[in-house]
Trainee: 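Please read through the structure below; I'll follow up with questions.
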Amino acid sequence: MRRKRPEGIKDYTGPAGGWGALKAVAVSLKAQQIVSQGAQTLLKSNQPDGFDCPSCAWPDPKHSSSFEFCENGAKAVAWESTAKRIGGDFFAQHSVSELWEKTDHWIEDQGRVTEPLRYNPATDHYEVVGWDEALAEIGAGLAALEDPNQAEFYTSGRCSNEAAFLYQLFARLYGTNNFPDCSNMCHEATSVGLPKSIGIGKGTVSLEDFDHADLILSIGHNPGTNHPRMMATLRDVARRGGKIIVFNPLKERSLERFESPQSVVEMATLSATPIATSYLQVKVGGDAAALKGIAKALVALDTPDAPVLDHAFIAEHTAGLEAFRADLDATDWAAIEQSSGLARADLEAVAQIYAQSKATICCYGMGITQHRTGTSNVQQIANLLLLRGNMGRPGAGICPLRGHSNVQGDRTVGITERPSAALLDKIQDVFGFDPPRADGHSVVESIAAMRDGTAKAIVCLGGNLAIASSDPQACAQGFRNMDLAVHITTKLNRTHLLMAKASYVLPCLGRTERDTQDGGPQAVTVEDSMSMVHASRGFLMPPGENVRSEPWIVAGIAKATLGDKGAIDWDGYVANYDRIRDKIEAVFPAFKNYNTRIRAPGGFHLPNSAAERVWNTDTGKANFIVATGVEEDETTRDPSVLRLTTLRSHDQYNTTIYALDDRYRGVFGRRDVLFLNAKEIARLGFVEGDVVDVTTALAFKRDDRIVQGLMLVEHALPDGCCASYYPETQPLIALEDHDPQSLTPSYKSVPVQIRSAGTKNAADRIVARAGVAGRKISVKA
Ligand SMILES: Nc1nc2c(c(=O)[nH]1)N[C@H]1C(S)=C(S)[C@@H](COP(=O)(O)OP(=O)(O)OC[C@H]3O[C@@H](n4cnc5c(=O)[nH]c(N)nc54)[C@H](O)[C@@H]3O)O[C@H]1N2
Ligand SMILES: Nc1nc2c(c(=O)[nH]1)N[C@H]1C(S)=C(S)[C@@H](COP(=O)(O)OP(=O)(O)OC[C@H]3O[C@@H](n4cnc5c(=O)[nH]c(N)nc54)[C@H](O)[C@@H]3O)O[C@H]1N2
Ligand SMILES: [Mo]
């Protein structure tokens, strides 16, 4: 018998993709009032002569000629190319305090910002300001700081290589390496972990490798929602008999069954493709233990008569196997089972399959990186691949799924708070100034500096830092401490409403729009998850005549701040982006013939040393890296403590909430939910539908670390684990709770406790009722 579910909760039994995806696109185009223009916009995304889809960093199939359908790409494009606008009238009508009271969804849904804005504290309104005046004031504000290290320069991963390169050049000439960027909250564990393992902080596979792999290990990512174009690739692997083994605490629908909206036959016959061969519901934060278990079982299978390790590869290409094996021997199965939540027999079965695979790719996402052990989690994946030589040969390798569409490119062109001496030397050679040598701030370090008053100014090139970061309490305090805050953005968001002494919002073009400079129409370039660099050219009309390109705005701030210091030809760069690319090539020789090669359809591939079995590590080999033992599961010490993992819904892009549904998880019209399994709900004394308050437990417990009014929803999760949506759960995560190596916030293993919300005064709640879009983050106004 079907049980009755609470309001807005349904059992979702269909496959992912399919007609539901097409319907969802129609709905979002309509909501953004762009029905007729929308279809044409979509046809241009990820085409050789079109724009790069701003949604995810999954690569495009070679010479893509047909329309690459993607529901969530369509939503992102619709959101950017909306017909809605906010200019002077809007800001005259709404004070900042009034805007603050609106939900995050409402704020961004008002449309594109069309004028530069300056905050007037006397009226509590943003007011339209001319570009010259705004830039002059911003420049004067930055120039007035005692020490350039009092300024923070944040980057979100949508900005192009050209904008990012100018931005880092400006900030370094100004005098700081303070480059907090979204990568610090995302794949920093990859950027820090992999160079030690394989000598490069990126993935080693290309899209073609998926045609040759016979096993895909898919760990901690949700491609049906976050990299939907990857589903076509996984479907092809599954259809030709390749195995796909999934490690995820949640049963994600797309990894179980997928129906390709691009396949006429599948759509007509409703014949979805099963994706996962095995689905292992690892405990939240239990991946390192699971990976060690597989490695331990694999090593045990290896005999002189029937070797399963790739001994020739190990001897020629790797270092550190002995220490790694010794640790595997010393880690007992009971600890592995306890920490991973998986049975030894299941991990041994995975090892068997892995031992038989000729070519294995391991894909992973935020389920691996956003933990206190993020860096070593990534290294455990590398270890497992190295044991069988699955690195640097066809069909094999490591595949971190990057987040923002150009987060990898921004890093490649110099957005890094810990620059190598080689990079700084190159900048010095090419531009003739001595860049600052000291390491700068990552996200958590910047927020701490802002909170503690050592930072005085922040410039944000995109993003919604105060809401994306952990600890919105610290972020709110930090932003409000600033003398100067500058936001370069397409749309308004909550970070822009945390007022500094002087605050500016500067409207910029999005990817889908035409960018015309003195030298004519310009294209920008981006790098995808697999190191392919290609051009992106928008074709829609800009949303307003006072909206400028990101390179133009960055150069404008640079000129206003630095005058002619460094004799950089900022105007020349902006007039023709080819000139920026020539300088990128001069600093990074891997971009050889940059301007020629991006003009070829599909772009070009940046060299990847590890893919060529060249190991730029301290030993000159690929290193097995030991992380001793397995992480203890705190829930066994105190059974009232749960591990919370924070997730994206199907209708959101990071802090942007498109709508309130999460179709594949059966949630409709609400986001105020906490997922737990039925047994755990009962064990803790509740029933599904009960409303609870969630508090931070253990070391970072604090009175204001609370999220009120979440409804309990049954979902198949391992015992001791719970899940809820990001960013609403942000107040539970302490700034100090992060991976000590990469400083990635531990967004995906937050120790929490729950208690009944029954006695709370409803007016205190920050809950959004059905019909009200989104929730407000609980920081005091
Ligand atoms: N439509 C859309 N596309 C996006 C984004 C978006 O928000 N919306 N965001 C972009 C960005 S910036 C990024 S970084 C990527 C993010 O893409 P993902 O890496 O897929 O990100 P998440 O939604 O955070 O979910 C990660 C998955 O990890 C699982 N998980 C949670 N905790 C654990 C754990 O401890 N172990 C394991 N093994 N799994 C776990 C969750 O159940 C979920 O399936 O997507 C990019 N693409
Ligand atoms: N709890 C929890 N927290 C997380 C995560 C998690 O899984 N759990 N994930 C983390 C991850 S992986 C990431 S990447 C961060 C994301 O952190 P951010 O990159 O800072 O956040 P976004 O929500 O992607 O930024 C959206 C804003 O970018 C602006 N924008 C959009 N397009 C453009 C453009 O073309 N140019 C400019 N200049 N601005 C634009 C708009 O104002 C929009 O509101 O969040 C992190 N935070
Ligand atoms: Mo990300």
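Whatever order the structure lists ligands and atoms in, that order sets their numbers, starting from 1. When a residue number appears, it is its place in the shown sequence, counting from 1.
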Trainee: Counting heavy atoms only, which of Gly403, Gly157, Gly220 is nearest atom 28 (O) of ligand 1?
Mentor: Gly220
Trainee: Mark the output for Lys75 as yes if a heavy-atom distance to ligand 1 is under 4.0 Å, and as no if none is.
Mentor: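 Heavy atoms of Lys75 never come under 4.0 Å of ligand 1.
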Trainee: Under 4.0 Å, counting heavy atoms only: does Thr225 come that close to any atom of ligand 1?
Mentor: yes
Trainee: For atom 33 (C) of ligand 2, which candidate among Thr490, Thr645, Leu647 provides the closest heavy atom?
Mentor: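 Nearest option to atom 33 (C) of ligand 2, by heavy atoms: Thr490.
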Trainee: Which protein heavy atom lies closest to atom 37 (C) of ligand 2, and at what distance to 0.1 Å?
Mentor: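 Result: Glu550 OE2, 3.1 Å.
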Trainee: With a heavy-atom distance limit of 4.0 Å, tell me whether Arg511 approaches ligand 2 through its side chain, its backbone, both, or neither.
Mentor: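 No part of Arg511 comes within reach of ligand 2.
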Trainee: As an exercise, identify every atom of ligand 1 less than 4.0 angstrom from a heavy atom of Val284.
Mentor: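 Numbered from 1, ligand 1 contributes 35 (O).
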Trainee: Heavy-atom distances under 4.0 Å decide this one: backbone, side chain, both or neither, for Thr655 against ligand 2?
Mentor: both
Trainee: Under 4.0 Å from a heavy atom of Gln652: which atoms of ligand 1 are those, numbered in the order shown and with their elements?
Mentor: 1 (N), 2 (C), 6 (C), 7 (O), 8 (N)
Trainee: Determine whether the side chain, the backbone, both or neither of Leu401 has a heavy atom under 4.0 Å from any heavy atom of ligand 1.
Mentor: neither
Trainee: Is it the side chain, the backbone, both or neither of Asn226 that has a heavy atom closer than 4.0 Å to ligand 1?
Mentor: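 Under 4.0 Å from ligand 1, Asn226 contributes backbone and side-chain atoms.
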Trainee: Quick check, are the ring centers of His650 and Tyr658 under 6.0 angstrom apart?
Mentor: no
